[in-house]
Structures are given as C-alpha cells and as structure tokens.
2 protein chains.
Amino acid sequence: MVRSRVQGKHAGLTREQVLRAAVRLADRDGVEALSMRKLARELDVEAMTLYHHVRNKQGLEDAIVEYVLAESLRPPPESADWQEVVAAHAADLHRGLTEHPGAVLLFATRTAVTPRTLAILEQSLRVLRDAGFAPRTALHLIYAIAGAVVGQHLAYAGEQAQPAVDAPAIGDDHPVLAAALADGPVTMQSRLDFTLTSLIAGFETLL
Amino acid sequence: MVRSRVQGKHAGLTREQVLRAAVRLADRDGVEALSMRKLARELDVEAMTLYHHVRNKQGLEDAIVEYVLAESLRPPPESADWQEVVAAHAADLHRGLTEHPGAVLLFATRTAVTPRTLAILEQSLRVLRDAGFAPRTALHLIYAIAGAVVGQHLAYAGEQAQPAVDAPAIGDDHPVLAAALADGPVTMQSRLDFTLTSLIAGFETLL
DNA sequence: ACCTGAACACCGTTCAAGT
DNA sequence: ACCTGAACACCGTTCAAGT
C-alpha cells in the first residue's frame, strides 16, 4: 500500500464512493471484517479521511443500511391486490439481502427511515387499507413480513459459519426430526417460502 | 481492581461461573461491551485465564446461547394440542430473550444444538406430526416461529438505540401511516402477538 | 476545505514462564 | 494443572498540524 498523494491534495473522495466500497468490503469479507482502517486502505486513503464523509462507524453502518434498502425497495406494483404487494415487499427485501449479505446483520438492528422508504411504506399501507385492513393492522402486517425475511436471512448467515442440523447427525433417537430431514436439509429459500405463505394465509383470515 | 491472588493459586474458577458472569455482563452493558478483558476483570482474574474454560470468544458466545436456551426451553406441555405447543415454544423463547437481552444478537446467528434442545425439538415435532403435519412441514413450522420471535426482539433491540417511527415525525404526507400510529407507537409485544397469531392461523389452513 | 500522522485507550490471542 | 504477564497485531476516535 503506497501513499499516492501528498497531504492536502484532494482525493476527490465522495460519500457515495465510501459507501460503495464499504458495501463491497462487507459483502466480500463479512461485516465483522469491516473496519474504518481497512476501508480506508481499500480507498487508498488515511482512516481519518473517512470521518469527513461519515460521522463515525455507527454512521457508516446506518448509511450502509440506507444504501442497500434504497437499492432494493421499489414502489409497490400498480393495481395489484394486497397479496401481491406484500409478496413484492418481501421479494424486494429478499433480493437486497441476497445481493448484499454483508448488510444482513446491520438490517437486523436498524430501520432506515428516509423520505423514500416512508413514501413506499405509505403506498403499501394504502393498498392494505383499501383491501379492508385497519391501518394499525396493516403496519403490523408489514413489520411481520420484514421480520420474517430478515430473520431467515440471519439464520442462514449463522448456518454458513456453524452448519445446521442434518440427517446423519440425528440418529434413531429422533425419528420425526430424521424424517423431516430425510429429503435433504431445509434451505433458507424453503423456510422463507413457508413462512411467507403461512403469514399471508394467516392475514387472509383477518379480513 | 486489585490482584487478590498470587500466580499459580487456584481461583477455583469454573466454566459455569464464567458463563454466568458473561451473561450478566452482556445483559447489563450490552453484547458489544462484552470483552474477554472486561469479563476477566469482573471475575478478578487475568484475561488469559478465561481461555482455560472457553476455546475463544466465539466459543464463549456459543456457550452463552446454549446457557440461555437451556434455561429458557422447557419440554412441551403434556397432552396439549399443537397450537398450545407452538405457543409455548414461542413463549419460552420470548421469556428467555426478555430476561437476557444481551443474548438477543447472539441468538440471531447461531443455533444451539445440544442433546437437550434436540430432545425438546423432537417432542414438539411429534405433537405436530400427530396433529397431521408432515415431518418436514412441522420442522418448517418451528423454524418460522423461532425466526419470528428472534426477529421481533432484534427489531426491538435496534429501536432502543435508534427510536422508531412515531406519529409526530410523520405529518400529513403519510395519512395511513399516521392513522396506524395514532393510538400510540407499535410495541414489540403487539408486533410479536400479531405475528404469532397470524402464523398459527396460517398453519391451520395447511391441515 | 480536505487530508494526514501521531497518540490514546481499547481489543483478541499466542507464547513462554511462573507455582 | 492452572494462572500470569508481556507481546503482537489489530481496533475506533481525538486532536493538532499540514497544504
């Protein structure tokens, strides 16, 4: 790593570049490997320079969540029924977290409240209310969906580090568990599909 | 912090004591404040001593999850229908995470697979299978419940640091969202209840 | 205005050494 | 066997100083 610029010379570094590099680093090496110093090295800059574009590491992490969420979330499809809107919301989140595994752990503990996400949320809520859900129920519904998607991605992230239960490890003491795993391990996709299908079926009983 | 023991003198430190102190420290100051050095100070011992009871920090965190899960999980109630078994499982997890907020983030990314948790899982799965669910569906069902409980606790933990959306911050641009929050902020308890009720209602449609 | 470099107060972990 | 202390390679962040 060679310093390629003298002090005071502008690096021309923008916040956008910092965030893009941070997301890339987190996706490549994992969030736990994301440090101000390593990110600075990646950008060929001193660590302290980053504090010009970001309040601190917390602020960087908040910004990553906003960045990924902004990239993932789309306005709900026009003239769709509420089931499609809910499924689309889940699919948006799922795609975003799949493309950016480094953001999964950060999504778990923050909500990015920006004008754009608020606007999209309001549009989804309107569809749900027009379908007959009370506003508060509609909000609960969105929370339930988001929690389910993030929850399954987290569980999956954990299983990468520490492999999940599989059939051979079970043995004869646990016949039902063994039967459940006989057709291969349970994947995140199957768990997520099951959870979302169950949730939507449950929501339908509320109408 | 005074050293109260000469080198080589047994501290009489047990793994149980280490884990109890770790859980207490994480609950009191937050997981992010849990460090080997601070934990050692708490136990009036050198940091390196802890490595005699725990492989490394990862191992300590795994052990915390096992410890809290063992304390929380109970065998499913005898002669209960499947809805009660599922609700009891959710309630066990909810109680454990409420009593041990320091473990929430750790629960998100690991599964504690021990003989005891496997046995309890098998019992729950048997009730579900006897109720008519296929073994694989039963397992999906348990995963969905666990994911929902952990997911809502995580979201709640995040809101402690970074307050959630509330009515005054919304304004006239988002009437449905404002209406949803008019009766006060959405709490973790209400979100969790809603999610679990919806999930169970959804499961019923599968039978 | 933008960037640097030293410094401070922390980390997890290895390793040789004490009793 | 159990515990220590120094050491190494890291952290995030403050602060004064450079251009």
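If you're wondering where the values come from, they're calculated on a predicted model, not measured in any experiment. Residue numbering restarts at 1 for every chain, and letters A, B, ... go by the order of the sequence lines.
- A straight line from CZ of B/R41 to C1' of C/dA9 spans 11 Å, rounded to a whole angstrom.
- Between A/L13 atom CG and C/dA1 atom C1' the separation is 14 Å, expressed in whole Å.
- The environment of CZ in B/R74 is sparse: at most 12 heavy-atom neighbours from other residues, nucleotides or ligands sit within 6.0 Å.
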Donor-acceptor contacts, no H, no angles, side chain residues 192-200 of chain A, under 3.5 Å, sequence neighbours left out:
residue: A/D193; atom: OD1; partner: A/Q189; partner atom: NE2; Å: 3.2
residue: A/T195; atom: OG1; partner: A/R191; partner atom: O; Å: 2.8
residue: A/T197; atom: OG1; partner: A/D193; partner atom: O; Å: 2.7
residue: A/S198; atom: OG; partner: A/F194; partner atom: O; Å: 2.9

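- Ion pairing of A/D92 with A/R95 is present here, as a side-chain N (NZ or NE/NH1/NH2) and a carboxylate O approach within less than 4.0 Å.
- Taken together, the paired segments of DNA chain D that extend over three or more consecutive Watson-Crick or G-U pairs, each closer than 3.5 Å at both contacts, are C:4-8 with D:12-16, C:12-16 with D:4-8.
- Per the geometry, CG belonging to B/L34 stands 16 Å off P belonging to C/dC10, to the nearest Å.
- Atom CZ in B/R37 sits roughly 14 Å away from atom P in D/dT4 (whole-Å rounding).
- Distance B/R15 CZ to D/dC2 P: 14 Å, rounded to the nearest Å.
- Phosphate proximity of D/dT4 to B/T49: present, with a side-chain N or O under 4.0 Å from OP1 or OP2.
- Applying the salt bridge (charged side-chain N to carboxylate O under 4.0 Å, His left out) rule to A/R15 yields no partners; only residues at least two apart in sequence or on another chain are considered.
- To the nearest angstrom, C1' of C/dC11 lies 14 Å from CD of B/E32.
- Within 4.0 Å (heavy atoms only), A/M48 reaches at least one base atom of the nucleic acid.
- Among residue pairs with one or both ends in residues 50-72 of chain B, none qualify as ring pair (Phe, Tyr, Trp, His ring centres under 6.0 Å); sequence neighbours excluded.
- Checking the phosphate oxygens (OP1, OP2) of D/dT13, a side-chain nitrogen or oxygen of A/Y51 falls inside 4.0 Å.
- Qualifying salt bridge (charged side-chain N to carboxylate O under 4.0 Å, His left out) partners for A/E16, counting only residues two or more places apart in sequence or in other chains: A/R20.
- Each of A/H52 and B/R55 has a nearest nucleotide on DNA chain C; the 5'-most of these lies closest to A/H52.
- Taking atom NZ of B/K38 as the reference point, atom C1' of C/dC11 lies 10 Å away to the nearest angstrom.
- For B/H94, the ring-ring contact (aromatic ring centres under 6.0 Å, His included) partners at least two apart in sequence or on another chain are B/H153.
- At whole-Å resolution of the value, CD in A/E46 and P in D/dC11 are 13 Å apart.
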